[in-house]
Amino acid sequence: MATFLSKLGRLAFRRKGVTLLIWLLAFVGMGVAASSAPTPPADTFSMPGTESQEAFDLLTEKFPDASVDGATARVVVRAPEGTKITTPSTRTDVQRLVTELGASSPQVVGVADPYKSPAVSISADGTTAYMVVTYKVPAAAVDDKAHDALDKATEQAREAGLTVEAGGDAVKIEQAMGGTGEQIGILVSAFVLVLTFGSMIAAGMPLITALIGVGIGISGITALGSTFGLSGTTSTLAMMIGLAVGIDYALFIVSRFRAERAEGRTPEEAAGRAVGTAGSAVVFAGLTVIVALAGLAVVNIPMLTKMGLAAAGTVAVAVLVAITLVPALLGLAPVKVMARKGRLRYAVKPLSDRQRRRAAKHEAKLARKTKPNLGTRWARYVLRHPVVVLLVGVIGLGTIAVPAASLELGLPGEGQMSTQTTQRKAYDLLSESFGPGFNGPLMVTVQTKPAVGGAGAKAAGDEIGKALAKTPGVASVSPATANKAGDTAILNVIPTTGPTEKKTEELVHALRDTADDLERSTASRILVTGQTAMFIDFSQTLDDALLPYLALVVGLAFLLLMVVFRSVLVPLKAALGFLLSVAAALGAVVAVFQWGWLADVFGIDAPGPIMSTMPIFMIGVVFGLAMDYEVFLVSRMRESYAHGARPSEAVVDGFRYGGRVVGAAAVIMMSVFSGFIVEDNDFVKMIGFALAIAVLFDAFVVRMAIVPALFALLGKSAWWLPKWLDRILPRVDVEGEKLTATQPAPRSPRESTLVG
């Protein structure tokens with residue numbers, strides 16, 4: 001592996017023009033393909049094998065005239081204080097609003113007049129009413145004109161003295177991401193890179209190559225969107241992960257190139273060795289990320305599968321960029337990529353007398369500088385106090401992980417939006433006037449044998465509705481409505497509790513248990529669905545898939561790391577350390593976003609359940625980054641150990657050469673993810689906070705404290721591998737042992753640059 005990648009790196013370095021041209025053509029070609037591709041499909045959500053999805057499929061089949069996929073807006077109106085909705089003047093204003101909503105856009109199919117069904121649409125106290133605006137297109141296809149028309153109609157009603165708010169998927173999201181946080185994250189990343197390298201050129205390479213890789217990956221997703229059903233949101237995870245690993249991978253190769261140049265190798269030799277050693281680590285780190293993302297397929301939710309595979313493809317592009325485009329860029333600036341202060345040591349052109357004196361002065365300064373760097377000092381401290389460091393790290397993370405035992409999962413809804421949004425205001429108005437369960441109705445489908453006029457299905461539906469109404473937690477059940485064929489009926493069940501409450505979840509299970517008994521007595525097929533039931537099934541599906549997903553990604557990564565490090569204990573502690581950091585991160589998320597600790601600090605309006613997709617996304621993302629840090633830090637230890645160093649010396653060498661770079665990579669990722677915390681949307685805040693805190697725990701506590709402490713305690717045992725396993729495992733030579741045997745010994749920097 002190291003030999004092949006070294007040859008590839010040297011080739012890219014020598015043929016930099018051709019390599020750059022190939023990547024430029026790929027970038028432009030993908031951009032053209034994306035711009036000429038059909039519009040990506042709208043977001044679709046399905047969960048094969050669940051009762052909710054089965055019921056939705058049945059509704060699509062049996063009620064073809066119903067706009068199942070059409071967007072809706074639920075407009076809530078409250079009368080001025082001291083009056084009621086039925087007051088003549090108020091009624092006139094409300095009916096004017098109904099008329100304006102119906103004529104507001106060609107995309108509107110109709111508006112339900114609340115006065116035609118007052119028992120359903122007007123609250124018991126007569127102060128509040130709601131009307132449903134139905135669109136003939138899905139939410140993603142509602143255009144700006146329709147959004148503006150809805151806003152204009154509601155604003156005019158407010159000017160008439162009414163309190164008007166709107167919710168539903170047809171309403172424009174007010175909590176759009178502003179991008180300010182992301183810009184801050186990128187600026188912080190650039191600042192950290194400049195501090196790390198001491199060179200604007202070196203700092204710019206990881207950013208430029210990462211953006212090129214992400215651009216190619218996202219363009220590819222857009223180009224293939226209509227063919228494979230990849231919606232616009234599929235690229236979100238791909239962009240986040242692609243940018244993160246792209247910066248990391250280029251950072252490590254550029255850093256290794258500079259280290260090889262400092263040891264006296266020519267630019268081409270340094271590029272080849274950097275790609276052969278750090279590039280090997282990049283390849284295997286990339287494979288662990290790809291495994292983690294592609295493993296999302298085990299959840300069996302098509303949307304997550306597509307997002308995972310698309311992100312995995314972007315990571316593969318990032319790996320290719322790192323091992324080919326980065327050495328080509330290094331070929332363009334082999335001297336300017338070095339730190340500015342000592343750059344004269346590596347100058348290729350003959351130096352003037354003044355430059356020679358400056359270079360000699362710098363060489364003398366370096367000779368006097370014997371103080372070890374921060375990574376070396378920290379490694380030696382851990383080696384002297386391994387038990388203390390290990391206990392503090394494990395107990396500290398374990399304590400932070402305690403709240404994770406109270407983790408409650410849910411999906412984002414209007415009840416968790418900012419209190420300043422119209423969606424949240426509409427949600428609160430409906431809860432106050434119609435009861436908390438009104439915002440999360442359940443739909444029950446009843447399928448029977450066909451009957452003329454729908455009498456069979458309706459009769460069975462009404463009978464079943466009376467039985468379901470007796471279930472504790474049910475506020476009301478609507479009369480059954482049958483389809484034209486008379487073989488299917490639907491009825492709505494309103495819970496007494498809100499859609500995200502635990503009692504509502506218990507009610508869904510109770511209704512399904514009751515339905516099983518009623519199916520036999522009524523000779524019908526009964527299914528419980530609705531958005532609330534779909535969310536509950538979604539959370540349950542993710543819960544059931546979490547352990548198999550963990551087993552898959554951790555198991556495959558264990559095998560990969562065992563091949564890389566020729567050890568059983570190194571990959572074992574890597575996996576256990578990852579689980580510890582993820583548990584601690586989940587604990588912190590629960591404490592802040594579910595319990596409300598420090599809610600004011602992070603600007604959280606409504607603490608509540610944790611988004612169902614967050615844990616499994618966090619596991620995939622953090623696992624990939626954690627294995628990145630493990631591979632880059634420990635591979636340098638393995639390299640030193642393979643070349644004859646004692647175990648303790650190998651740990652020090654790993655931190656001397658890799659500690660600063662791994663720390664910089666972690667700070668960059670934390671700054672990028674932390675940018676999401678300043679956004680308005682609580683769930684965006686949650687993702688940003690979870691990823692940032694997880695990287696903090698894993699990089700600085702697990703990889704830089706617990707890992708070296710374990711190495712100190714294990715000694716040579718850390719690298720133990722049974723002989724029979726050593727014989728059957730493939731040898732990939734990540735540490736570059738063959739490179740050392742085949743490449744000439746390094747010269748002094750000044751000698752090597754004059755030759756090179």
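Just so you know, residue 1 is the first one in the sequence shown, and it goes up from there. Computed from a prediction, not measured in an experiment: that's the story for all the values here.
The side-chain heavy atoms of Ile494 and Val477, taken from C-beta on, include no pair separated by under 4.5 Å. In this structure, the side chains of Thr90 and Lys84 stay at 4.5 Å or more apart for every pair of heavy atoms. With contacts defined as side-chain heavy-atom distances shorter than 4.5 Å, the pair Leu296/Ile616 qualifies. In this structure the side chain of Thr305 never reaches within 4.5 angstrom of the side chain of Val299, judged on heavy atoms. Two residues are said to be in side-chain contact when any heavy atoms from C-beta on lie closer than 4.5 Å; Leu407 and Ile610 meet this criterion. The shortest distance between side-chain heavy atoms of Tyr130 and Ile122 does not fall below 4.5 Å. Looking only at side-chain heavy atoms (C-beta outward), Leu586 and Pro615 come within less than 4.5 Å of each other. No side-chain heavy atom of Asp698 sits under 4.5 Å from any side-chain heavy atom of Val701.
Thr83 places a side-chain N or O within donor-acceptor distance of the main-chain N or O of Pro80, the cut-off being under 3.5 Å. Of the possible polar contacts, one joining the His147 side chain to the Ala170 backbone as a donor-acceptor pair under 3.5 Å is found. Using a distance-only test at 3.5 Å, with no hydrogens or angles considered, a donor-acceptor pair links the side chain of Thr504 to the main chain of Gly498. Using modelled atom types, one side-chain atom of Gln107 and one backbone atom of Asp143 make a donor-acceptor pair closer than 3.5 Å. Side-chain atoms of Asp93 do not come within 3.5 Å of backbone N or O of Ala157 as any donor-acceptor pair. Remark: the backbone N or O of Tyr427 is paired with a side-chain donor or acceptor of Asn439 at under 3.5 angstrom. In terms of modelled atom types and a separation under 3.5 Å, the side chain of Gln594 and the main chain of Ala404 share no donor-acceptor contact. No donor-acceptor distance shorter than 3.5 angstrom exists from the side chain of Glu100 to the backbone of Leu97, with no hydrogens or angles considered.
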Going through the distances and angles, do Glu155 and Lys152 end up as a salt bridge (Lys or Arg N to Asp or Glu O under 4.0 Å)?
CA-CA 5 Å; Glu155 185 58 36; Lys152 181 179 179 181; over 6 Å; no
Between Val75 and Leu150, is a side-chain contact (heavy atoms from CB on, under 4.5 Å) present by the stated rule, with each step listed?
CA-CA 9 Å; Val75 180; Leu150 176 62; 4.2 Å; yes
Worked check of side-chain contact (heavy atoms from CB on, under 4.5 Å) between Thr134 and Val108
CA-CA 6 Å; Thr134 306; Val108 174; over 6 Å; no
Check step by step if side-chain contact (heavy atoms from CB on, under 4.5 Å) holds for Val493 and Met443.
CA-CA 6 Å; Val493 177; Met443 182 181 292; over 6 Å; no
side-chain contact (heavy atoms from CB on, under 4.5 Å) between Thr163 and Val77: does it pass, once the steps are laid out?
CA-CA 6 Å; Thr163 298; Val77 181; over 6 Å; no
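Using a 3.5 Å distance cut-off with no hydrogens or angles, the side chains of Ser123 and Ser433 do not pair a donor with an acceptor.
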Can you give each donor-acceptor pair under 3.5 Å made by side-chain atoms of residues 534-543, sequence neighbours left out, with the distance rounded to 0.1 Å?
from: Asp537; atom 1: OD1; to: Arg512; atom 2: NH1; distance (Å): 2.8
from: Asp537; atom 1: OD2; to: Ser52; atom 2: N; distance (Å): 3.3
from: Asp537; atom 1: OD2; to: Ser52; atom 2: OG; distance (Å): 2.4
from: Asp537; atom 1: OD2; to: Arg512; atom 2: NH2; distance (Å): 2.9
from: Ser539; atom 1: OG; to: Phe535; atom 2: O; distance (Å): 3.2
from: Ser539; atom 1: OG; to: Ser612; atom 2: OG; distance (Å): 2.5
from: Gln540; atom 1: NE2; to: Asp544; atom 2: OD1; distance (Å): 2.9
from: Thr541; atom 1: OG1; to: Asp537; atom 2: O; distance (Å): 2.8

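Proximity of the aromatic rings of Phe623 and Tyr549 is defined here by a centroid distance below 6.0 angstrom, and this criterion is not met.
Exactly one residue among Asp428, Thr422, Thr421 makes a side-chain hydrogen bond (donor to acceptor under 3.5 Å, both in side chains) with Arg424. That residue is Asp428. Paired with Glu165 under the rule salt bridge (Lys or Arg N to Asp or Glu O under 4.0 Å), one option of Arg74, Arg78, Arg158 passes, and it is Arg158.
Using a 4.0 Å cut-off between a side-chain N of Lys or Arg and a carboxylate O of Asp or Glu, Lys502 and Glu505 qualify as a salt bridge.
Under a cut-off of 6.0 angstrom, the local environment of CG in Asp125 is crowded, with over 12 non-hydrogen atoms contributed by other residues, nucleotides or ligands. Atom CD of Glu81 is surrounded by 12 or fewer heavy atoms from other residues, nucleotides or ligands within 6.0 Å. Heavy atoms of other residues, nucleotides or ligands lying less than 6.0 angstrom from CD of Gln156 number more than 12.
Pro48 approaches Gln53 most closely through the heavy-atom pair N-CG, 4.4 Å.
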